[in-house]
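We name chains A, B, ... by the order of the sequence lines, and we start the count at 1 in each one. Note that the structure is predicted; figures quoted are calculated from it, not measured.
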Amino acid sequence: MPYNFFAENVFNPEITINSGQVFLWEKLDHTWYGTYGNHILKISQLPFEQFYSDTGNRDNVIAIRKYHFESFPEMHNWQNWVFRLDDDIPEIFSCLSSDPLLAKTMSRGYGLRIMRQEPCQCMVSFVCSSNTNIMMIRKMLRNLSKKFGRRLSVDGRDFFTFPSIKTLHEAEISELRSCGVGYRAKAIKAVAKSIVNHDLDISSLSNDSYYEAKNALLRIYGIGNKIADCILLFSLDKLEAFPIDVWIARALERHYKSVIETDFNNITLRPDSKLTPFQYVRISEIMREYFGRYSGYAQQYLYYYIREAEGLKW
DNA sequence: GTACAGGCAGTAT
DNA sequence: ATACTGCCTGTA
């Protein structure tokens, strides 16, 4: 099944699932299924309901798509948590729209959300993301779930929850590698170990500052700047994080060169869009200052924009 | 066969 | 601080 649900509207048009951040969602027969740690989430589309506008003008018919949310086991009102419905999108829009490119992109992709992921799943997911592509990441995570997760039957179909950290910690490197994760197996174990041993207190990280939490993550083998920023943004509520992958680096090179390459900053972007660790930290700082406390949303819109603009294969 | 894909760690300079 | 290297695995 082709993987093409990038930026598909889930609640037309208020909310969008973005495959760039959530790897274990799939759509089957107009229904979305997703993995949130130990839970399987389900979104079903209901038939369109038609309304006449309040003017009573019969030509002015509005079709509204409604959705039904379920979870296994039951998690009350999970959609509010997972889709961050408390984020004030109009406020975020007004904060970011002083930048012309973002104003344009946000208008077009209005509704793109940052989904809140289960932290342990998020850590493992992005550890798997290094030096590979989205298709491969999805495959790795599906294999891990199938081998180490819990089987759950939903709508007569088998789903697998995400493996617990304890299970991953106890797994042999060779077993992890059998899931196709390659050399990342060592890093997966390192993540699991740091949580099991309480070297990393995952539950406190969202209360810590961006820098404190990031430094804690960076101590773990296999987690560098980019992966740490993804974990912070997608599971630890650090909306000020600005992960820079090669795509974002390309977007910056095309559209934000003047913001970055100033005499004061003394930075020169390389043509191949690769950053040294020092450059990463510096440029990330510059952009976080430029976009402000919702830099993470800016990053998501830029990612959305550049992948669409540069031609992409999913 | 080779290049490449949403990085990272290790080493040398 | 930067440059260079190797790394699993599947696809083009």
Give me the distance, rounded to whole Å, that separates dC4(C) from dG6(B) when you measure between the P atoms they each carry. 23 Å
Taking the P atom in each of dC8(B) and dG10(C), what is the distance between them to the nearest angstrom? 22 Å
[X] side chain: which of [options] is closest?
X	options	value
K139(A)	dT2(C), dG10(C), dG6(B)	dG10(C)
I227(A)	dT11(C), dC8(B), dA1(C)	dC8(B)
N131(A)	dG10(C), dG6(B), dG7(B)	dG7(B)

Are F291(A) and Y256(A) close enough that their ring centres sit under 6.0 Å apart? yes
Indicate, with yes or no, if the rings of F23(A) and F126(A) have centres closer together than 6.0 Å. yes
Do the charged groups of R282(A) and E285(A) touch, with an N to O distance under 4.0 Å?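 Looking at R282(A) and E285(A), the cut-off is not met.
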Send over the distance from [X] [atom1] to [N] [atom2], rounded to a whole Å.
X	N	atom1	atom2	value
I267(A)	dT2(C)	CD1	C1'	13 Å
K189(A)	dC8(B)	NZ	C1'	20 Å
F234(A)	dG6(B)	CZ	C1'	10 Å
I173(A)	dC7(C)	CD1	P	16 Å
K274(A)	dC8(B)	NZ	P	12 Å
M140(A)	dG10(C)	CE	C1'	9 Å
N143(A)	dC8(C)	CG	P	17 Å
I188(A)	dT9(C)	CD1	C1'	13 Å

Touch check for [X], heavy atoms < 4.0 angstrom, all strands: base, sugar-phosphate only, or nothing?
X	answer
L176(A)	nothing
R184(A)	base
I223(A)	sugar-phosphate
R282(A)	nothing
Y183(A)	base

Would you say the base of dG6(B) and the side-chain of Y303(A) have a donor-acceptor pair closer than 3.5 Å?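 Such a pair is found, so the answer is yes.
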So, under a plain 3.5 Å distance rule, would you say the side chain of K226(A) forms a donor-acceptor pair with the base of dG6(B)?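 Side chain to base: pair present.
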Would you tell me if any nitrogen or oxygen in the side chain of T276(A) comes within less than 4.0 Å of OP1 or OP2 on dT2(C)?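 Yes.
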Does dG6(B) have OP1 or OP2 under 4.0 Å away from a side-chain N or O of R250(A)?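 So the side chain of R250(A) is outside the cut-off, no N or O lying under 4.0 Å from OP1 or OP2 of dG6(B).
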Nearest nucleotide by nearest heavy atom, which residue falls closer to the 5' end of DNA chain B, N133(A) or L218(A)?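 The answer here is N133(A).
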If each of I137(A) and I220(A) is mapped to the nucleotide of DNA chain B with the nearest heavy atom, which maps nearer the 5' terminus, i.e. the 5' end? I137(A)
Counting only Watson-Crick pairs (N1-N3 plus N6-O4 or O6-N4) and G-U wobbles (N1-O2, O6-N3), all under 3.5 Å, who is the partner of dC4(C)? dG10(B)
K189(A) side chain vs A171(A) backbone, donor-acceptor pair below 3.5 Å: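 Side chain of K189(A) to backbone of A171(A), a donor-acceptor pair under 3.5 Å: yes, one is there.
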Would you please test D245(A) and Y303(A) for side chain to side chain donor-acceptor pair (under 3.5 Å) and show each step? CA-CA 9 Å; D245(A) 56 32; Y303(A) 184 83; 5.0 Å; no
For W32(A) and Y67(A), which I'm curious about, is there any donor-acceptor pair between the side chains at under 3.5 Å? no
